[in-house]
Structure formats: C-alpha cells, structure tokens
Amino acid sequence: MKQIGNVSDYYDAYTNIRFKSYDQGVMWMEDNIPLLAKGFDYTEKEIEDIISALKFQVDEMAETVRSEYGERMEKVLTEKNFRFAIIGCSFSSEYLSYVNVVTDLLRRYYPQIEVIDAAVTAETVPQTMAHLYNRVLRYKPDLCSIYMGINDMRRNRDVYTKNNVSPREFARDMNYIIDMVKQYDSQVILHTLTPCNIPAQERGVRDKRWTYRIDDWDVFNGVIREIAEVKDCVLNDQTENLKAFEGDVNIPENGLHLTKEAQEFLAKHFMKVLLDTVETMFGER
C-alpha cells in the first residue's frame, strides 16, 4: 500500500478498497475490515487508519454545518419522525460525501429519524432499479435523496465510445424510480451532478480507461432539472451552488470526487434544502 500522507490519500485509498470489492462482486464485504485486509492485501491497521482519518474529517465537517444550522435543526427536526432514504452512488455513500455529513448529523442528534442507506458505490440508474424494492421501497420512506448520473454518463476512452447509459435511458429509468418512490407519498430531493477535472480523472483511473465529455454535464443535468420540475421534486442544484465556491472542487489526484472543502460547502447547502423540505412536509412553511 502506498504511503499515506494526507486526507486526499486516505480518501483515494478508501475509494480504491470499495471499487475493488465491487469489481470482484464482493460488495457485501465493503465494511468488513478483516475480510478487506485479507482479500486486498492491506493490514487491518491500515484500513482502520484510513477509516479513522476519514471519520475525523467527517466529524469536523459535521460540526461546521451544525455551527451554522444547529439552532434551526433543533427547531425543525426535534420530535420529527420520518424515514429518509439515500439513493445514489459514491457521491452519497463515501465517508467524506456531503450527503454522509448530513446523515451523520441526523443519526447523531436525531436518532428518531430513520436513515435508510441505499447508496452503492459505482452504480448506474439501471443497477439501482434492480435492488430498489429490497433497499428502499419496502421501508416506505417519507423522504428520498437521489444523486445519480455520474456513472451513467461515464464513457470509455475509445473512438466510438458512448455513455454507459444513454440520456434517454437515464431519463426513463430515473422517472421510473421516482414514480415508484412517490407511490409511498415520499417527497424526493434530486441533486444535479458536480463537475469533474477530466484530465486528472483520466490519470487517476488510467488502467480502467474511463473518461467523460464536458458537454454531458449539460445534457444529464438538464434531464435532472426537467424531471424535478415535471415530477414535483425538490431540486438541490449543485451546479448553481458551486458558482459561489472558491477553491478546488475536485481532489487533484482523483479529478472526479470532491475536496473536503467542497464537500463541506455542499453539506451546508444540502442541510438548508433538507430543513426547507422537512418544514414543507410537516406543513410548517
């Protein structure tokens, strides 16, 4: 294992472990430290160090969000009981994800709110559909957060490459997921897709030959915005939010995933969207 020197390295190491588990079809062991150590040639201490470092960062980020929204969180969330499902890919599931920062606060301070973690690293929308009932619908959530599309619009670096999932298929399948969720009278928060440093992303996964095209963001985010309007979903428009952010959005060595600073910035926006949505759900707006 490479020498770990900073939080970005910890994040990359953790992401690498999870991708390996999914590549090998053993996603059920993604959080099992002894099995990961044995299967992927890490020591248990190395994996524990990775997770401990990331947890420390999440704790810091969570308290920053709470310092800004703590008073309103107490007013809106105290004594509220609802089920909150998280549907998405690594942008929702990873330790440093802004979504995880917000749900970490819910679990820590508002345990009566049930968080249903259905986010799966590297998944596309068609893959999510396959386990939608088992991981989401059978719990009858009151609120769902959906961040999907990054893996759908990914391409391979070949001359005639296409998206993993075409925009038309993406729109069809996202509509299906939202229709299924709304059968349980669940409110839905849709997130637009965060940007990518494509050259850095290609260097970071050169062995996989993954790439993106910059114009795909306009296409896929356009689909998400249209669905949000037509299906009466709440839109967390991160593309617009990030216009006010100063600093590096993407981890330099990774290119796709977000820096701690960008995650923290987006966590604050997501908390505001969540609180607004909960107030509306309970007739307080």
Side-chain angles (χ1 to χ4, degrees), residues 84-93 97-99 102 118-120 122-133 135-137 141-155 161-196 198 211-245 249 256 258 262 265-267 269-281 285:
F84 184 22
I86 308 300
I87 302 172
C89 57
S90 59
F91 281 77
S92 295
S93 68
S97 140
Y98 70 92
V99 175
V102 170
V120 179
E123 276 214 334
T124 62
V125 172
Q127 291 171 319
T128 296
M129 290 168 60
H131 59 64
L132 186 64
Y133 178 79
R135 301 198 69 168
V136 180
L137 298 181
D142 303 291
L143 177 63
C144 289
S145 165
I146 304 178
Y147 184 118
M148 296 296 297
I150 285 289
N151 297 302
D152 301 82
M153 70 178 178
R154 192 178 66 228
R155 301 168 181 262
T161 186
K162 296 181 179 180
N163 304 109
N164 284 343
V165 177
S166 72
R168 183 177 178 180
E169 292 172 307
F170 177 72
R172 180 197 65 197
D173 294 349
M174 282 285 283
N175 274 293
Y176 175 84
I177 287 175
I178 292 167
D179 287 343
M180 292 298 99
V181 167
K182 282 185 170 283
Q183 284 192 11
Y184 296 92
D185 295 322
S186 178
Q187 179 56 280
V188 175
I189 300 173
L190 289 181
H191 306 253
T192 56
L193 308 176
T194 52
C196 174
I198 295 174
T211 191
Y212 291 88
R213 291 184 184 172
I214 194 67
D215 56 336
D216 283 337
W217 264 264
D218 290 336
V219 174
F220 279 75
N221 278 336
V223 170
I224 292 167
R225 292 187 181 105
E226 182 177 354
I227 291 173
E229 182 176 359
V230 172
K231 298 291 185 181
D232 193 27
C233 301
V234 175
L235 181 65
N236 181 27
D237 198 334
Q238 300 178 115
T239 306
E240 290 300 313
N241 295 340
L242 283 169
K243 289 180 180 179
F245 177 71
V249 173
L256 182 63
L258 308 178
F265 178 85
L266 291 175
H269 280 275
F270 184 35
M271 179 58 78
K272 180 182 183 305
V273 169
L274 174 63
L275 294 174
D276 290 346
T277 303
V278 172
E279 283 185 330
T280 300
M281 287 168 54
R285 284 178 69 87

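Index from 1, following the sequence.
- A donor and an acceptor atom, one from each side chain of Ser92 and Tyr98, are nowhere located under 3.5 Å apart.
- Using modelled atom types, one side-chain atom of Ser166 and one backbone atom of Glu169 make a donor-acceptor pair closer than 3.5 Å.
- A salt bridge (charged side-chain N to carboxylate O under 4.0 Å, His left out) check over residues 175-188, counting only residues at least two apart or in different chains, returns the pairs Asp179-Lys231.
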Practice problem: Decide yes or no on side chain to side chain contact (heavy atoms under 4.5 Å, CB included) for Tyr184 and Asp142, but give the supporting numbers first. | Solution: CA-CA 7 Å; Tyr184 296 92; Asp142 303 291; over 6 Å; no
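- Side-chain atoms of Asn236 never come within 3.5 Å of backbone atoms of His191 as a donor-acceptor pair (strictly under, hydrogens ignored).
- In this structure, the side-chain contact (heavy atoms from CB on, under 4.5 Å) partners of Pro126, at least two apart in sequence or on a different chain, are Thr124, Asp152, Val165, Asp173.
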Practice problem: Give the C-alpha distance, both sets of side-chain angles, the deciding distance and a yes or no for side chain to side chain contact (heavy atoms under 4.5 Å, CB included) between Val120 and His131. | Solution: CA-CA 10 Å; Val120 179; His131 59 64; 3.8 Å; yes
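- A donor-acceptor pair is defined here as one N or O able to donate and one able to accept, closer than 3.5 Å; such a pair exists between the side chain of Arg155 and the backbone of Thr161.
- The shortest distance between side-chain heavy atoms of Pro195 and Thr239 does not fall below 4.5 Å.
- Glu240 CD to Leu235 CG: the interatomic distance, rounded to the nearest 0.5 Å, is 9.5 Å.
- Remark: Asp232 CG to Ile227 CD1 distance equals 13.5 Å, nearest 0.5 Å.
- Taking each heavy atom of Met148 and Val125 in turn, the nearest pair found is CE-N, 3.5 Å.
- Between Phe270 and Ile189 there is a side-chain heavy-atom pair separated by less than 4.5 Å.
- Between atom CE of residue Met281 and atom OG of residue Ser186 there is a gap of 7.0 Å, rounded to the nearest 0.5 Å.
- Between Leu266 and Phe245 the shortest side-chain heavy-atom distance does not fall below 4.5 Å.
- With rounding to the nearest 0.5 Å, the separation of CG in Leu274 from CD in Glu279 is 10.0 Å.
- With a 4.5 Å cut-off on side-chain heavy atoms, Val234 and Leu190 do not count as touching.
- Contact check for Tyr212 versus Ile150: side-chain heavy atoms found under the 4.5 Å cut-off.
- A side-chain donor-acceptor contact under 3.5 Å links Ser97 to the backbone of Phe91.
- Taking each heavy atom of Phe170 and Val223 in turn, the nearest pair found is CD2-CG1, 3.7 Å.
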Self-check item: Worked check of side chain to side chain contact (heavy atoms under 4.5 Å, CB included) between Tyr147 and Ile87
Solution: CA-CA 7 Å; Tyr147 184 118; Ile87 302 172; over 6 Å; no
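- To the nearest 0.5 angstrom, Ile224 atom CD1 is 9.0 Å from Gln238 atom CD.
- Of the N and O atoms on the side chains of Asn164 and Asn151, not one donor lies less than 3.5 Å from an acceptor on the other residue.
- For Met153 against Asn163, the heavy-atom pair with the smallest separation is O-ND2, 2.8 Å.
- Side-chain contact of Asp237 with Thr192: a donor-acceptor pair under 3.5 Å is present, judged by distance alone.
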Exercise. Go through the steps for Gln187 and Thr277 under the test side chain to side chain contact (heavy atoms under 4.5 Å, CB included), then give the verdict.
Key: CA-CA 8 Å; Gln187 179 56 280; Thr277 303; 3.7 Å; yes
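- Without hydrogens or angle criteria, Trp217 side chain to Thr194 main chain gives a donor-acceptor distance under 3.5 Å.
- No more than 12 heavy-atom neighbours from other residues, nucleotides or ligands sit within 6.0 angstrom of CD on Glu229.
- When all heavy atoms of Phe84 and Cys144 are compared, the pair lying nearest together is CE1-C, 4.1 Å.
- Once rounded to the nearest 0.5 Å, the distance linking CG of Asp276 with NZ of Lys272 reads 4.0 Å.
- Partners of Thr128 by side chain to side chain donor-acceptor pair (under 3.5 Å), not counting sequence neighbours, listed by chain and number: Glu123.
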